[in-house]
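Here is the structure we will look at.
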Amino acid sequence: MAAASEEAIKQFSALMEQLEEPLKTTFQNVHQGNLRGTLVRFLKAREWSVPKAHNMLMDCLNWRLQNEIDSVLAKPIVPSALYRAIRDTLLVGLTGYSKQGQPVYAFGVGLSTFDKASVNYYVQSHIQMNEYRDRVVLPAASKKFGRQINTCLKVMDMTGLKLSALSQIKMLTMITTVDDLNYPEKTETYYIVNAPYVFSACWKVVKPLLQERTKKKIQVLYGSGRDELLKVMDYESLPHFCKREGSGSSSDSLDVVYCYSYDHPFHQQLYNYVKQQSLKLDSVGPIKQGSLHVDVPSPGLEEVKIAESIESELHKLRGGNGLTHSFNRIRIEGP
């Protein structure tokens, strides 16, 4: 397999050497100097098929050009009150680093409502966070820990997940599609914590639909997952919702602010970085308001099946006994 992998990388590299402008420049923004690692990511995403990986990467580069992704970090979401509202309803934040140096991101899936801004703003914010991770966070982590770091860890908090999550599926599917097609293999492991009954019911129907590669990345932990997570990260890097075993929340309200809030140092650094880049790009006149419209690629067959299966299961739960169990914690067997 090693010899075959090396040959695939070699063939893929030769194809990418044929790039001309402007594709060449946008590809440099994608690989950030780590050409081999980038080729491997796309190869993994397409089961090491060079033609399929090449097509995927070319689609990604054209998507970036068509939607001006290279300059997305120079397009701040203004006014700041709007960005604060997005941070309050799309709960995500950088909480620290794993013992191996990977950035640890927390995502409050169950409590994210996506109801304070347009879809375009949420997509723009998500893409900005992806680009900031790839252009700033991962290079800084690599320098800090003295080795190439290409992936992150995500801790997904299901606290508050309800049957009404049906209304959030479209937004989550859009975000997932953007990531799967344009930022593949950037997350090494997804840790699912504080999973209520409604999640376990959906997980049972979704799990069989996932590719083996994806299944291996997902770990469904018991309760807050604190003890398991402490094997891969220090206590200081734990998201607030994991610091008390058996609870989906922390008694220390400052932790909540530290994790998701617009006032969190990570979000302040990100927002200020985008504003500074905007001033460099256009030094004349005030920062323009309005969201960046990004064409979200059509979801693949796997994503469509997953979304349909979740919707079907939620409809069943609404009509059955699932409603009475929606907040009960149960032990879920991991993948």
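One is the number of the first residue; the rest follow in order along the sequence. Keep in mind the model is a prediction, meaning the values are calculated, not measured.
Geometrically, Lys144 engages Tyr97 in a cation-pi contact defined by less than 6.0 Å to the ring centre and at most 45° from the axis. For Arg87 and Tyr83, the positive end sits near the middle of the six-membered ring, less than 6.0 Å away and at most 45° from its axis.
Going from atom OH of Tyr190 over to atom CE of Met156 covers 7.0 Å, rounded to the nearest 0.5 Å. Put simply, CD1 on Ile127 and CG on Asn67 are 7.0 Å apart, with the number rounded to the nearest 0.5 Å. Arg226 CZ to Cys242 SG: the interatomic distance, rounded to the nearest 0.5 Å, is 10.0 Å. Here Leu111 contributes atom CG and Leu90 contributes atom CG; the two are 12.5 Å apart, rounded to the nearest 0.5 Å. Rounding to the nearest 0.5 Å gives a distance of 5.5 Å between CG of Leu65 and CG of Leu23. Note that OG1 of Thr26 is 9.0 Å distant from CG of Asn62, once rounded to the nearest 0.5 Å.
Within 6.0 Å of the NZ atom in Lys186, the count of heavy atoms belonging to other residues, nucleotides or ligands exceeds 12.
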Next item on the list: Assess whether side chain to side chain donor-acceptor pair (under 3.5 Å) is satisfied between Ser118 and Asn120, documenting all intermediate values.
Entry: CA-CA 5 Å; Ser118 69; Asn120 288 340; 4.9 Å; no

Check: Run the side chain to side chain contact (heavy atoms under 4.5 Å, CB included) check on Leu181 and Cys60 step by step: do they pass?
Finding: CA-CA 7 Å; Leu181 297 181; Cys60 168; over 6 Å; no

Next item on the list: Walk me through it: do Leu270 and Met129 pass the test side chain to side chain contact (heavy atoms under 4.5 Å, CB included)?
Entry: CA-CA 8 Å; Leu270 167 56; Met129 204 163 298; 4.1 Å; yes

Next item on the list: Evaluate side chain to side chain contact (heavy atoms under 4.5 Å, CB included) for Val294 paired with Gln124, printing each intermediate quantity in order.
Entry: CA-CA 7 Å; Val294 175; Gln124 178 179 347; 5.6 Å; no

Note to self: Under the criterion side chain to side chain donor-acceptor pair (under 3.5 Å), I'd like the reasoning laid out for Asn150 against Gln148: C-alpha separation, chi angles, the key distance, then a yes or no.
What the structure shows: CA-CA 6 Å; Asn150 304 314; Gln148 187 69 48; 3.0 Å; yes

Note to self: Before you tell me yes or no, could you show the steps for Glu188 and Gln102 under side chain to side chain donor-acceptor pair (under 3.5 Å), namely the whole-Å CA-CA distance, both residues' side-chain angles and the distance that decides it to 0.1 Å?
What the structure shows: CA-CA 9 Å; Glu188 182 172 298; Gln102 295 150 308; 2.7 Å; yes

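Ring centroid separation for the pair Tyr260 and His267 does not come in under the 6.0 Å cut-off. Checked against a 6.0 Å centroid threshold, the rings of Tyr122 and His126 do not count as neighbours.
Closest heavy-atom contact between Met233 and Ser98: CB-CA, 4.1 Å. What you find for Ser237 and Gly96 is that their closest heavy atoms are OG-CA, 3.5 Å. Closest approach of Ile175 and Phe114 over heavy atoms only: CD1-CE2, 4.3 Å.
Between the side chain of Thr214 and the main chain of Leu210, no donor-acceptor pair closer than 3.5 Å is present. Using a distance-only test at 3.5 Å, with no hydrogens or angles considered, a donor-acceptor pair links the side chain of Thr89 to the main chain of Ala85. The main-chain N or O of Tyr197 is found under 3.5 Å from a side-chain atom of Ser200 such that the two form a donor-acceptor pair. Not one N or O on the side chain of Lys215 forms a donor-acceptor pair closer than 3.5 Å with the backbone of Leu209. Side-chain N or O atoms of Trp63 include one that pairs as donor or acceptor with a backbone N or O of Asp295 at under 3.5 Å. Counting only distance, with no hydrogens or angles, the side chain of Ser112 and the backbone of Gly108 share a donor-acceptor pair below 3.5 Å. Formation of a donor-acceptor pair under 3.5 Å by the Arg84 side chain with backbone atoms of Tyr262 is not found in this model. Looking only at distances, a side-chain donor or acceptor of Ser142 sits under 3.5 Å from a matching main-chain atom of Ile149. Judged by distance alone, the side chain of Asn34 and the main-chain N or O of Gly37 form a donor-acceptor pair under 3.5 Å. Under the 3.5 Å distance criterion, the side-chain polar atoms of Asp157 are matched with a main-chain donor or acceptor of Thr159.
Residues Phe107 and Lys154 have side chains not in contact (no heavy-atom distance under 4.5 Å, counting atoms from C-beta outward). Put simply, the side chain of Tyr105 does not reach to within 4.5 Å of the side chain of Thr95, judged on heavy atoms.
A salt bridge links Lys217 to Glu185: one of the charged nitrogens lies within less than 4.0 Å of a carboxylate oxygen. Ionic pairing of Lys24 and Glu17 is not present here: no N-O contact between side-chain nitrogen and carboxylate oxygen is shorter than 4.0 angstrom.
For the salt bridge (Lys or Arg N to Asp or Glu O under 4.0 Å) condition, the pairs that include at least one residue of residues 59-78, sequence neighbours left out, are Arg64-Asp70, Arg64-Glu131, Glu68-Lys75.
A parallel orientation is assigned to the rings of Phe199 and Trp203, their planes being inclined by less than 30° (bins at 30° and 60°).
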